[in-house]
Amino acid sequence: MNLSVQLAPKHHSGLLLANPVMTASGTFGYGTEHGHLFDIQQLGAIVCKGTTLEPRDGNPQPRLAETACGLLNSIGLQNIGVDALIKEKAPIWTNWRVPVIVNIASETIGGYAQLAGKLDGVAGISAIEVNISCPNIKAGGAEFGANPESAAEVTAAVRSATSLPMLVKLTPNTSDIAKIAMAVAEAGADAISLINAMKGMAIDVTRRRPLLGNIIGGLSGPAIKPVALYMVYEVAGAIEVPVIGCGGITTASDAIEFIMAGASAIQVGTASFTNPRAPLDVLGGIEQFMEKEGINNLTDLIGVARG
Ligand SMILES: Cc1cc2nc3c(=O)[nH]c(=O)nc-3n(C[C@H](O)[C@H](O)[C@H](O)COP(=O)(O)O)c2cc1C
């Protein structure tokens with residue numbers, strides 16, 4: 001069976017994955033923490049924790065709250081910073097078979113470009129995933145990904161700062177996801193990942209205060225799967241570049257739904273917190289499904305539910 005997928009068909013070196021199962025940023029650290037749990041080299045790709053120019057401590061505690069069928073988080077991009085990532089993590093990744101994709105975040109367009117420039121040409125890094133769910137300081141804190149103009153501006157800035165394949169990760173916190181996807185594809189994205197967490201909150205009734213230290217958090221897990229699936233379906237119908245589905249994927253059946261909706265690859269996020277082997281289990285289940293259905297090439301499944 002051939003499970004390989006090309007995520008950057010228009011890029012000069014491409015981004016070929018051995019299979020479509022990736023880890024979602026922020027839910028699998030730097031990949032280095034999981035080696036004792038299973039053979040992570042079997043995965044399609046690892047996307048590392050969101051990386052910023054400077055190291056960050058993140059938001060005040062509490063930063064996690066379970067919900068019905070989901071998880072609220074307000075980690076606030078706690079990370080080691082790009083310089084430490086280049087010095088300490090990338091040398092480890094150079095020995096890996098599995099490609100590592102670095103997720104980047106900034107509050108300014110110049111910051112995104114600087115990050116992309118620093119990562120360009122670093123051995124061990126196969127691609128960049130641009131998280132545009134960050135607040136745009138200049139625009140009063142609205143997410144870059146909330147409108148087509150600022151989403152395209154970030155994409156173009158990163159495109160001109162790096163020759164690496166570039167994935168752009170969309171936020172669901174917008175009214176027209178297809179318009180944003182089209183703008184980002186036009187501005188040079190090689191592939192589009194969606195979705196990031198949805199805005200949400202919880203209240204501690206005893207304290208009579210918001211439960212999360214940051215008040216607002218991001219909702220992830222099975223609760224958001226139908227929304228993510230719908231958005232993947234919409235976007236895959238609107239653009240030519242590959243789409244990577246993410247949001248509540250817990251089982252192989254969830255992953256196959258996204259692939260049938262038009263995703264070329266998928267990311268497993270919150271599911272890894274309850275089952276650290278979830279990405280590998282999802283991969284095994286996809287293989288079983290293909291065998292049972294007599295499908296030799298994964299690409300034959302992409303978008304089949306679109307009619
Ligand atoms: C604890 C936590 C941290 C996250 N950190 C990041 C991050 O740094 N960058 C990013 O683009 N997405 C981040 N995400 C979003 C996930 O990558 C993913 O898009 C989202 O959780 C939906 O997928 P899921 O339902 O499978 O978790 C984070 C999610 C969680 C739960």
Side-chain angles (χ1 to χ4, degrees), residues 21-31 33 45-52 55-59 61-82 85 101-107 112 115 127-135 143-145 151 154 158 166-173 177 192-200 212-214 216-229 231-232 243-252 254-255 257-258 263 265-276 278-279 281-282:
V21 180
M22 310 165 67
T23 61
S25 177
T27 63
F28 210 73
Y30 297 93
E33 303 86 342
I46 307 276
V47 183
C48 81
K49 174 65 193 163
T51 300
T52 51
R56 283 172 62 113
D57 292 334
N59 286 329
Q61 300 280 356
R63 309 198 293 193
L64 289 176
E66 278 192 52
T67 70
C69 295
L71 178 69
L72 271 174
N73 92 83
S74 62
I75 304 296
L77 290 174
Q78 179 183 4
N79 78 100
I80 60 175
V82 69
L85 177 136
I101 298 169
V102 175
N103 180 287
I104 60 169
S106 180
E107 288 171 330
Y112 278 107
L115 278 159
I128 289 179
E129 181 178 68
V130 189
N131 171 9
I132 56 171
S133 302
C134 302
E143 290 179 29
F144 282 104
V154 175
V158 173
M166 172 179 51
L167 283 45
V168 176
K169 182 168 176 182
L170 304 190
T171 170
N173 303 312
I177 194 92
I192 289 184
S193 315
L194 71 160
I195 58 175
N196 211 313
M198 306 186 70
K199 276 189 188 158
L212 296 172
N214 187 55
I216 297 165
L219 180 64
S220 63
I224 69 168
K225 193 191 105 184
V227 178
L229 191 60
M231 289 187 163
V232 164
V243 169
I244 301 159
C246 175
I249 297 174
T250 308
T251 64
D254 294 334
E257 280 190 67
F258 277 82
I266 57 91
Q267 298 181 351
V268 177
T270 301
S272 289
F273 294 145
T274 44
N275 170 20
D281 291 348
V282 166

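As the structure lists them, so they are numbered: ligands from 1, and atoms in each ligand from 1.
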All ring pair (Phe, Tyr, Trp, His ring centres under 6.0 Å) counterparts of Phe258, not counting sequence neighbours: none
Cationic N near anionic O, under 4.0 Å, Lys199 to Glu143: yes
As a test of reading the model: which N/O atoms of the protein lie under 3.5 Å from N/O atoms of ligand 1, and at what distance?
unit_1	atom_1	unit_2	atom_2	d
ligand 1	5 (N)	Lys49	NZ	3.1
ligand 1	8 (O)	Lys49	NZ	3.0
ligand 1	8 (O)	Gly50	N	3.1
ligand 1	9 (N)	Ser25	OG	3.1
ligand 1	9 (N)	Asn103	OD1	3.4
ligand 1	11 (O)	Asn103	ND2	3.0
ligand 1	11 (O)	Asn131	ND2	3.4
ligand 1	11 (O)	Lys169	NZ	3.2
ligand 1	11 (O)	Asn196	ND2	3.3
ligand 1	12 (N)	Lys169	NZ	3.0
ligand 1	14 (N)	Ser25	O	3.2
ligand 1	17 (O)	Ser25	N	3.4
ligand 1	17 (O)	Ser25	O	2.7
ligand 1	17 (O)	Lys169	NZ	2.7
ligand 1	19 (O)	Lys169	NZ	2.9
ligand 1	19 (O)	Ile195	O	2.9
ligand 1	25 (O)	Gly221	N	2.7
ligand 1	25 (O)	Gly248	N	2.7
ligand 1	26 (O)	Gly248	N	3.3
ligand 1	26 (O)	Gly269	N	3.2
ligand 1	27 (O)	Thr270	N	2.8
ligand 1	27 (O)	Thr270	OG1	2.6

Residues Ser25 and Glu129: side-chain donor-acceptor under 3.5 angstrom: no
Atom CD of Glu33: over 12 foreign heavy atoms under 6.0 Å: yes
Side-chain heavy atoms of Phe144 within contact of Val130, under 4.5 Å: no
side-chain hydrogen bond (donor to acceptor under 3.5 Å, both in side chains), paired with Ser220, selected from Asn73, Thr270, Asn196: Thr270
